[in-house]
Amino acid sequence: MLKVKINENIHVLKQNGLNPFESERYRDYREKWKEYPLTRKVDRFPIHLDIEVTSNCNLKCQVCITTHADFDNGFMKFDLFRKIVDEGIDKGLCSIKLNLRGEPLLHPNLPDMISYAKQKGIIDVFFNTNAVLLTNDKAKSIIEAGIDRLIISFDGYEKGFYESHRVGAVYEETLENVRNLMVTRDKMNRSFPWVRVQTILVDGMENNINQYLQLWENIVDEVAYIDYKPEIDRVKVGKNDWVCPQIWQRMSITWDGSILPCVNDYFGKMCMGKVSEVSIEEVWVANERLNNMRKMHDAGNAHEIDGCVDCPLRSTQILKNV
């Protein structure tokens, strides 16, 4: 059986104490997350869904595909979101991330979506954000709604570097938003959300990780960096025994209901239908194209799949281990 590595593109620099995810349900979900790719188990439903509540973004980050691609942008309707959660909750869905390409804080119904998912019993509800729009009111609303985790993208540790990469953001304002989030959480006497700040390891960050850690270690719960992935100028990599774990863990649903096999299919090249036309369960278990992808990955032939040969995650993980 060929090798699978789980989340090796995320590198934690520091955690401040034990995270609050100690329930038996959470531990079982994370065990499945690790086990299913290793044993090639296809359960009845994905463990996790990346639900794109919007593809719109308020920034123009130079390393992000959203800046350079001409997507058909929009906002997910609440009825569609509810349909997705309702299908998954009784079939094994444990976790949802409320974005794929866009900035979730732009969606006016985001707190309602969080609240609905938590009321239905989703164990882990979270999203990535640039935190530029994370005002005190929005922070309070998502905390009250029950958000479990926030992953804040903040590249660099000083103003010039940050603003050159997060184009449209103001260093001092975003930093203050994150500080206020933590203060608000404390004032509300909540343990959640667990807040991670992370940077992409873009040029100029390799030798400055300690400065990044020093900026954040006394503010948030967790500090990390992630590997740079070539989203814009994709790199094709030939036959290799690295196997993507995502096709045994998760699927992505875009704002208009398109069902994608992973988080790196930004252009929907491997779209497997829409939620309005087919059930997620049916696609996950019985879709011939998806099952063939699994077989090809397992055989070391992912390079023969059009959407995988130049996948940013695949190429990054293979090339850094060469």
Side-chain angles (χ1 to χ4, degrees), residues 10 21 26 29 33 45-59 61 64-66 71 73-89 93-135 137-154 177-178 181 185 190 192-198 222 226 246 249-266 268 274-275 280:
I10 299 172
F21 300 99
Y26 184 84
Y29 137 60
W33 186 264
F45 202 84
I47 305 167
H48 170 90
L49 289 176
D50 296 274
I51 304 176
E52 182 183 72
V53 298
T54 182
S55 56
N56 290 287
C57 190
N58 55 316
L59 299 185
C61 305
C64 181
I65 191 65
T66 305
F71 296 127
N73 290 319
F75 292 85
M76 179 174 285
K77 295 180 179 178
F78 188 80
D79 285 349
L80 176 57
F81 177 82
R82 184 167 52 200
K83 177 180 174 62
I84 295 167
V85 172
D86 286 352
E87 182 188 350
I89 193 59
L93 178 63
C94 298
S95 171
I96 62 172
K97 180 164 71 70
L98 297 170
N99 59 310
L100 181 63
R101 296 169 295 186
E103 170 53 58
L105 290 171
L106 287 168
H107 202 297
N109 300 123
L110 181 64
D112 295 330
M113 291 172 164
I114 296 167
S115 179
Y116 187 81
K118 292 307 298 180
Q119 288 173 15
K120 283 291 182 175
I122 301 296
I123 299 167
D124 190 16
V125 179
F126 65 104
F127 61 88
N128 292 68
T129 177
N130 55 50
V132 170
L133 302 175
L134 192 59
T135 62
D137 287 345
K138 286 190 176 181
K140 185 178 179 181
S141 69
I142 62 173
I143 293 171
E144 289 177 337
I147 190 72
D148 293 293
R149 289 193 282 149
L150 281 182
I151 302 171
I152 297 172
S153 301
F154 192 103
N177 283 351
V178 181
L181 165 70
R185 188 187 71 175
R190 301 289 184 94
F192 297 95
W194 176 262
V195 179
R196 175 203 289 168
V197 168
Q198 64 186 28
E222 186 175 300
I226 59 175
Q246 294 192 18
Q249 296 168 327
R250 67 204 292 177
M251 296 188 82
S252 298
I253 315 292
T254 64
W255 67 270
D256 64 354
S258 297
I259 304 172
L260 310 180
C262 69
V263 300
N264 297 297
D265 186 17
Y266 308 121
K274 287 198 171 186
V275 174
I280 300 168

Chemist: About how many Å separate CD1 of I47 and CD of Q249, when rounded to the nearest 0.5 Å?
Modeler: 6.0 Å
Chemist: Tell me, with the steps shown, if I51 and M76 meet side chain to side chain contact (heavy atoms under 4.5 Å, CB included).
Modeler: CA-CA 9 Å; I51 304 176; M76 179 174 285; 3.6 Å; yes
Chemist: So, do D50 and L260 sit near enough that their side-chain heavy atoms are less than 4.5 Å apart?
Modeler: no
Chemist: Atom CD1 of I226 and atom OG of S153: how far apart are they, to the nearest 0.5 Å?
Modeler: 6.5 Å
Chemist: Checking E103 now: which residues fulfil side-chain hydrogen bond (donor to acceptor under 3.5 Å, both in side chains) with it, not counting sequence neighbours?
Modeler: T129, N130
Chemist: Got I65 and F71 here, is their nearest side-chain heavy-atom distance under 4.5 Å?
Modeler: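 Of all side-chain heavy-atom pairs linking F71 with I65, at least one is under 4.5 Å.
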Chemist: With a 4.5 Å cut-off on side-chain heavy atoms, are R101 and T254 touching?
Modeler: yes
Chemist: For the atom pair OG1 (T66) and CG (N58), what is the distance rounded to the nearest 0.5 Å?
Modeler: 11.0 Å
Chemist: Parallel, tilted or perpendicular for Y26 and F21, by the 30°/60° rule?
Modeler: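 Parallel: the ring planes of Y26 and F21 meet at under 30°.
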Chemist: Rounded to the nearest 0.5 Å, what separates atom CZ in F81 from atom CG in L98?
Modeler: 5.5 Å
Chemist: Nearest 0.5 angstrom please: E222 CD to I10 CD1, how far?
Modeler: 8.5 Å
Chemist: To the nearest 0.5 Å, how far apart are SG in C64 and OH in Y266?
Modeler: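 So the gap between those two atoms works out to 7.5 Å.
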Chemist: Where do P193 and I143 come nearest, in terms of heavy atoms and distance?
Modeler: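 Here P193 and I143 meet closest at CD-CG1, 3.7 Å.
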Chemist: Pair S258, D256 - check side chain to side chain donor-acceptor pair (under 3.5 Å), show working.
Modeler: CA-CA 6 Å; S258 297; D256 64 354; 3.1 Å; yes
Chemist: What are the two closest non-hydrogen atoms of T54 and W255, and how far apart are they?
Modeler: CA-CB, 4.4 Å
Chemist: For a 4.5 angstrom cut-off between non-hydrogen side-chain atoms, does I280 reach L49?
Modeler: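 The answer is yes, as the side chains (C-beta and beyond) meet within the 4.5 Å cut-off.
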Chemist: Between E52 (side chain only) and L100 (backbone N and O only), is there a donor and an acceptor less than 3.5 Å apart?
Modeler: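 No: the side chain of E52 does not pair with the backbone of L100.
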Chemist: Verify whether the ring centers belonging to F78 and H107 lie closer than 6.0 Å.
Modeler: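 Centroid separation for F78 and H107: 6.0 Å or greater.
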Chemist: Are any non-hydrogen side-chain atoms of I114 and F127 less than 4.5 angstrom apart?
Modeler: yes
Chemist: Can you confirm whether K83 is buried at NZ, in the sense that more than 12 heavy atoms of other residues, nucleotides or ligands lie under 6.0 Å from that atom?
Modeler: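 No, not enclosed.
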Chemist: Assess, by modelled atom type and distance only, whether the side chains of N109 and Y116 contain a donor and an acceptor separated by less than 3.5 Å.
Modeler: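 Judged by distance alone, the side chains do not pair up.
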Chemist: Please answer whether the main-chain N or O of K138 pairs with a side-chain N or O of S141 as donor and acceptor at a distance below 3.5 Å.
Modeler: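 Here the side-chain-to-backbone pair exists.
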Chemist: Do W194 and D148 have side chains that get closer than 4.5 Å, going by heavy atoms?
Modeler: no
Chemist: Please report the C-alpha distance between I147 and F192 in whole Å, then the side-chain angles of each, then the deciding distance to 0.1 Å, and finally whether the side chain to side chain contact (heavy atoms under 4.5 Å, CB included) criterion is met.
Modeler: CA-CA 7 Å; I147 190 72; F192 297 95; over 6 Å; no
Chemist: Do N99 and V53 have side-chain heavy atoms sitting under 4.5 Å apart?
Modeler: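 They are not in contact (no side-chain heavy atoms under 4.5 Å apart), so the answer is no.
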Chemist: Considering non-hydrogen atoms only, spot the tightest contact between P46 and M251 and give its length.
Modeler: CG-CG, 3.9 Å
Chemist: Where is the tightest heavy-atom contact between L106 and F75, given as atom of each residue plus distance?
Modeler: O-CE2, 3.6 Å
Chemist: Just do the side chain to side chain contact (heavy atoms under 4.5 Å, CB included) check on V85 and M113 with the steps written out, would you?
Modeler: CA-CA 10 Å; V85 172; M113 291 172 164; over 6 Å; no
Chemist: Start with the C-alpha distance between D124 and K97, add both sets of side-chain angles, then the distance that settles salt bridge (charged side-chain N to carboxylate O under 4.0 Å, His left out), and finish with yes or no.
Modeler: CA-CA 8 Å; D124 190 16; K97 180 164 71 70; over 6 Å; no
Chemist: Does this structure show an ion pair linking D137 with K140, if we count only N-O contacts that are shorter than 4.0 Å?
Modeler: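 Looking at K140 together with D137, the answer is no, because their closest N to O distance does not fall below 4.0 Å.
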Chemist: Can you name the nearest heavy-atom pair linking C94 to I122, along with the distance?
Modeler: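 Looking at all heavy atoms of both residues, the shortest contact is O-CG2, 3.4 Å.
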Chemist: Nearest heavy-atom pair of Q246 and V263: which atoms, and what distance?
Modeler: OE1-N, 3.1 Å
Chemist: Just wondering, do L105 and L134 contact through their side chains at under 4.5 Å, heavy atoms?
Modeler: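 In contact.
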Chemist: Dump the intermediate steps for side chain to side chain contact (heavy atoms under 4.5 Å, CB included) on N177 and T135, then the final yes or no.
Modeler: CA-CA 6 Å; N177 283 351; T135 62; 5.7 Å; no
